[in-house]
Amino acid sequence: MEYIRKKINLEYYTVRNIPKSVLIKNSEGKTVIDETNPKYYYGKIPNYKIDSEGNFILTPLSQKIVNTIDVSVFITQDIDDMGIFTDKPFVPKNNTLSIKPDNFNSFTYGRLAGAPVSFYYTNNVTVSGYTDDSLLKQVKSYRKDTQGNDIYVPNLNVSNNPKNNFSGVISENNLQTVYKIGANTNNIINTGVEFTTFKKQFTKTTDEYGKSLSFNTTKFVSKNGGWNQYNTSLNASLKKEEYLGIVFKPEVNSAVFINRGIEDIFERHEILSEIKTSNDIDTNRGGFIRI
C-alpha cells in the first residue's frame, strides 16, 4: 500500500468578501459591519455554497448545496494481459545467412530466418543540440580547490556502475569542460551522450513562471543513435503453453484512507492500533504518522 501526503489550503474555501447587505449605519452615522447578519461569513467556511452576496446557491429543486472540500485521489490499476499476442509458427534454421539481401529492411519485412543480429544494425544517427549545465555537477570530484570551487578530473568515473558504464570528464581547460554521461566502458568514444559546457558563454532564458534564468551554455551530442551491437540483441520470445490465451482480471488499487488531522478523534485511535512496537513509529505509514 502506498501512502500519499496531501495538504489542502483552506484559504480557497474561506469567504473573504463582505456583501453590501451587511453594511449598516451606526448611531454616529458611520458605515459598519453587522456581524449578526446571517449573510455575514467573513473568515468562515459556510456549511452550504453561497454567492458573492451571501445568498444560498440552490439546486433546480430549490435545495441548498452542501459545501464540500474535495481531495483528489488517483486510483491506479495493473493489467496483465497475456492473451493479446498473436502466435506465429517458429521454424528453426540451421544455416546462418552470410550476405545481407539487397534493400533488406527489418521494419518492413520483420524477422528473416537465419539472419544474424548484424543484419538488423542501422547507420548511426547523430543527435545534437543545446541544454543547461545541470548535469555538470554529476561529474565533479568530491574535492575542492583552495578557493572552494569544484574540481573536474579527466577520466574520473563517477558512474554508479563503473564496471559497465562511464560518466565523467573527458577533457577540461580554461574555456570548456567536455564530459560523457552513460557511456559504455568498452567504447566510451562512440557511446553515451557527450556534453560540452562553455565557461565564458552564458544563456539567459525564463522558466514557465516568467522567472529569469542564466546558466553556462552547454552543447550535447549523441552519436549512438540507431541499432548497433551495444543496444541490439536477437532473441526468441517464448511463452509457456499453459499460459497462452490467459487474461488476468485488472487489479485495481482502490484502498483509500484519508488522514483528516484533528477533525476526527476516532481516526487517531485507529492509527494507534497499528503500532505494535516502538520501531513501528518510524516505519508505519511510510515514516509519516501523526499521533
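All of these numbers come straight from a predicted model, not from anything done at the bench.
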Closest approach of Gln176 to Thr196 (non-hydrogen atoms, all atoms of both residues): OE1-CG2, 3.7 Å

Hphob cluster co-occupancy, Tyr179 + Val158, side-chain heavy atoms under 4.5 angstrom: yes

More than 12 foreign heavy atoms under 6.0 Å from CZ of Phe202: is that the case here? yes

Common cluster, Val153/Ile181, ILVMFWY with side-chain heavy-atom separation under 4.5 Å: yes

Distance-minimising heavy-atom pair for Val221 and Ser128: CG2-CB, 4.0 Å

Any side-chain heavy-atom pair from Lys49 and Asn67 closer than 4.5 angstrom? yes

Are more than 12 heavy atoms from other residues, nucleotides or ligands located less than 6.0 Å from atom CG of Asn103? no

Side chains of Ile8 and Tyr13: does their closest heavy-atom pair fall under 4.5 Å? yes

Do Val169 and Leu156 touch side chain to side chain, with heavy atoms closer than 4.5 Å? no

Please work out which of the three classes, parallel, tilted or perpendicular, describes the rings of Phe56 and Tyr41, given edges at 30° and 60°. perpendicular

Minimum heavy-atom separation for Pro46 to Val15, with atom names? CD-CG2, 3.7 Å

Checking Asn157 side chain against Ser167 main chain: does a donor-acceptor pair fall under 3.5 Å? yes

Going through the distances and angles, do Glu194 and Val178 end up as a side chain to side chain contact (heavy atoms under 4.5 Å, CB included)? CA-CA 7 Å; Glu194 180 178 297; Val178 181; 3.9 Å; yes

Any side-chain to backbone donor/acceptor pair from Asn17 onto Ser52? Under 3.5 Å, distance only. yes

Rounded distance [0.5 Å steps], CG in Asn164 versus CG in Asn184: 7.5 Å

Would you check, one step at a time, whether the test side chain to side chain contact (heavy atoms under 4.5 Å, CB included) holds for Tyr130 with Thr203? CA-CA 10 Å; Tyr130 288 89; Thr203 300; over 6 Å; no

Taking every heavy atom of Phe104 against every heavy atom of Tyr120, the minimum-distance pair comes out as CZ-CE2, 4.1 Å

For the hydrophobic clusters of this structure (ILVMFWY residues joined by side-chain heavy atoms under 4.5 Å, transitively), does one cluster hold both Ile18 and Val32? no

Can you confirm whether Arg16 is buried at CZ, in the sense that more than 12 heavy atoms of other residues, nucleotides or ligands lie under 6.0 Å from that atom? yes

Please determine, by modelled atom types, if Lys199 and Asn216 share a side-chain donor-acceptor pair under 3.5 angstrom. no

Would you please say whether a donor-acceptor pair under 3.5 Å links the side chains of Asn161 and Ser159? no

Is there a continuous path of hydrophobic side-chain contacts, each under 4.5 Å between heavy atoms, that joins Ile45 to Tyr40? no

Side chains of Thr177 and Thr197: is there a donor and an acceptor less than 3.5 Å apart? no

Rounded at 0.5 Å granularity, tell me how far CD1 in Ile33 sits from CG in Leu23. 6.5 Å

Single-linkage hydrophobic cluster Ile170~Leu175, side-chain heavy atoms < 4.5 angstrom: no

Atom CG of Leu58 and atom CD of Gln63: how far apart are they, to the nearest 0.5 Å? 9.0 Å

Smallest heavy-atom separation, Gly168 atom then Phe166 atom, equals N-CE2, 3.6 Å

pair Thr31-Lys25: side-chain heavy atoms closer than 4.5 Å: yes

With rounding to the nearest 0.5 Å, note down the distance linking CZ in Phe198 to CG in Asp133. 12.0 Å

Evaluate the side-chain proximity of Asp132 to Thr218: yes if any heavy-atom separation is below 4.5 Å, no if none is. no

One should read off an interatomic distance between Phe220 CZ and Lys180 NZ, to the nearest 0.5 angstrom, of 14.0 Å

For the NZ atom of Lys140 and the CG atom of Asp150, what is their distance to the nearest 0.5 Å? 4.0 Å

Over all heavy atoms of both residues, which pair between Ile24 and Asp34 is shortest? Give the atoms and the distance, please. CD1-CB, 3.8 Å

Under a 4.5 Å cut-off applied to non-hydrogen side-chain atoms, are Thr122 and Thr232 in contact? no

Please check if atom CD1 in Ile99 has more than 12 non-hydrogen atoms from other residues, nucleotides or ligands closer than 6.0 Å. no

